[in-house]
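Just the heavy atoms: all of them, side chains too, but no hydrogens, waters or symmetry mates, feed the values below.
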Amino acid sequence: PIAPRSQLPAEQLPDDEAALLVSVGRQVETQFEQPHAVRWLQDENGRFFLLNATPITTLFPLPKPAPKGKETRLFLNLNQLAGAPHPLPTLVQSVWRILFPLGKAQSNISESSLLGSAGGRLFFDFTDLLGSRLSRRWLTRYLHQVQPNMLADLRQLVKKYRLKPNGRSLRRPLFPLLVDALADLFWRDPEGVSIAIADWATDYVREQQATLTAYPAGAARLRALRTTLAEAYGEAIRPVLATLLSGVAAQTLLAKLVQPKAAPEDLAILQRGLPNQTTVNIDLALADLAMLLQSSPELIDHFQTHDPASAIDALETFEEGPQFLLRWAEFMLRFGMFGGPLLDFSQPRGQESPAPLVQRLQQRLTAPSNKGHLQQQQLRHASEAAAERLLVAARHGLLGEWRQRLAGRLLRVIQHAATAQGHLEMMLQRLMVVVRHLLLAEGQRLQANGRLLDAQDVWHLTLTELIRTADDPTLSLQPL
């Protein structure tokens, strides 16, 4: 037993107070369904105050909701894959679970049971994707492109454990995707598909924004937002994913078609020259802005002596300032929805807080050059030359002319499918900007009505809880 308080050092607590803190910790664990590290303080009157609680990620908890049965399941850490290793707020996780199309046994607006959470990170249970031969091939091909080391680990896990994937459970949501992918691969015009995706990526988000803002603030708008998220896959995301899958399939077929005449490295050279990286386009645009600043020593000095948050300020006073601001406005119009990880849209975007983009520009000022453009041009020329060699390699053996024509189509599919990745990322970034603004507006409304202490507290609720709050004006959220 611990001695009475009068005989204790200042940093120790008596039994009853220690037991109280243990009880609070258990309540927090029950509330969030996983252990948390709790920060607290005690005032001079002996009262305890809970400051915050964060998930204990070093315990490697299993994702919630837990999978049914006792069979081994494989999970993919989406945070790690998306470059956002930090924990995600509750509302952000809720939005992605509604948008995710797989694992919805009840209704389209329900949250996916295959997208779990552990330590504030999202984990996709992709075990059932291994139950279909076609989906397994496309999954392994995709992992080979984005995470080669992960593919090797996956093969070891499949070999080590006796997995029991249920491919039938995913047939209904995946069948339309596979049909669209096959149509893009063999029937639809690749150029027409690419143009349609580019137009749709912009028009879809603009139309959804206009529709959602037409609803009155509160429960009606939040329900409409939930429906939009649930239907986004079928209306906008699935066609783009189908084009991406058609590109993956075209690469596999082309590799078989040109064997054994083609050089193995030509397929890799072809892939490196494809315009599919949004981050590359942002870096090239920033390089152009840095080259523009290079013509003005005054502007260079201004950017190098100011922090990123204030570097854009007062540029009108410089002679070359208006020209740069015009180019900066064009840059922000194109890339302003970036500046933070796509997965965590609770963080401000570049349009709200341009400091991260300005910081990248400042880094470019140390050695501004057109090296990036030259490198991309070289990669593009090398890719075009590799495509010509692959066409020649396809014209061998029986039906050589037919094989070459098929190779030509596959090359077109690959080249135009590559642009779909950038369009998909752009569309999702724009959609999440709209979602962020609508949710923060609801938080501000609840704060103005005295139901939230801070508008940012809205991120601690699920979308369903937020709708229920808007429905019931008597429900107080301040204790949470």
Side-chain angles (χ1 to χ4, degrees), residues 29-30 32-37 54-88 90 92-108 110-178 181 233 241 244-245 248-249 252 343 462:
E29 180 177 349
T30 301
F32 295 105
E33 299 181 345
Q34 65 185 90
H36 276 58
T54 56
I56 304 177
T57 57
T58 55
L59 294 179
F60 296 98
L62 289 176
K64 301 290 185 178
K68 298 179 180 179
K70 297 182 179 180
E71 297 84 6
T72 301
R73 309 291 294 183
L74 298 181
F75 292 87
L76 186 63
N77 187 335
L78 298 187
N79 282 61
Q80 196 69 30
L81 195 63
H86 57 275
L88 301 175
T90 302
V92 171
Q93 298 178 42
S94 175
V95 165
W96 284 113
R97 287 199 188 97
I98 294 172
L99 189 144
F100 198 73
L102 305 180
K104 294 188 174 184
Q106 300 176 0
S107 66
N108 196 35
S110 63
E111 295 189 0
S112 170
S113 62
L114 295 181
L115 204 59
S117 174
R121 282 79 171 176
L122 288 175
F123 288 82
F124 169 40
D125 180 355
F126 68 99
T127 313
D128 290 340
L129 284 179
L130 303 175
S132 164
R133 184 178 180 182
L134 186 58
S135 63
R136 182 169 63 249
R137 281 186 175 181
W138 271 341
L139 175 65
T140 54
R141 181 70 183 181
Y142 172 75
L143 290 178
H144 177 70
Q145 291 183 8
V146 298
Q147 291 284 352
N149 295 334
M150 187 183 298
L151 177 58
D153 294 339
L154 173 60
R155 287 172 174 167
Q156 290 182 5
L157 290 172
V158 172
K159 185 178 180 180
K160 180 178 180 181
Y161 298 101
R162 293 184 177 181
L163 301 177
K164 296 181 179 180
N166 180 17
R168 293 189 300 272
S169 66
L170 300 180
R171 287 178 181 176
R172 184 174 63 85
L174 289 182
F175 182 75
L177 174 65
L178 299 180
Y233 170 75
L241 282 179
L244 287 172
L245 287 178
V248 173
T252 303
L343 204 61
T462 67

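With Ser112 contributing its side chain and Arg97 its backbone, the two residues share no donor-acceptor pair below 3.5 Å.
From Leu88, atom CG reaches atom CG of Asn79 across 4.5 Å, with rounding to the nearest 0.5 Å. Atom CG in Leu114 sits 8.5 Å away from atom CZ in Phe75 (nearest 0.5 Å). To the nearest 0.5 angstrom, Thr462 atom OG1 is 8.0 Å from Ile98 atom CD1. Rounding to the nearest 0.5 Å gives a distance of 11.0 Å between CG of Leu241 and CG of Leu178. The distance from atom CZ of Phe123 to atom CG of Asn77, rounded to the nearest 0.5 Å, is 4.0 Å. Taken from CG in Leu343 to CD in Gln93, the straight-line distance is 9.0 Å, to the nearest 0.5 Å.
Considering every non-hydrogen atom in both Pro87 and Gly119, the closest pair reads CB-O, 3.8 Å. Minimum interatomic distance between Leu74 and Thr127 (heavy atoms only, all atoms of both residues): N-OG1, 2.7 Å.
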Verify side chain to side chain contact (heavy atoms under 4.5 Å, CB included) between Leu122 and Val92, making sure each step is shown before the conclusion. CA-CA 10 Å; Leu122 288 175; Val92 171; over 6 Å; no

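Between Leu102 and Phe126 there is no side-chain heavy-atom pair separated by less than 4.5 Å.
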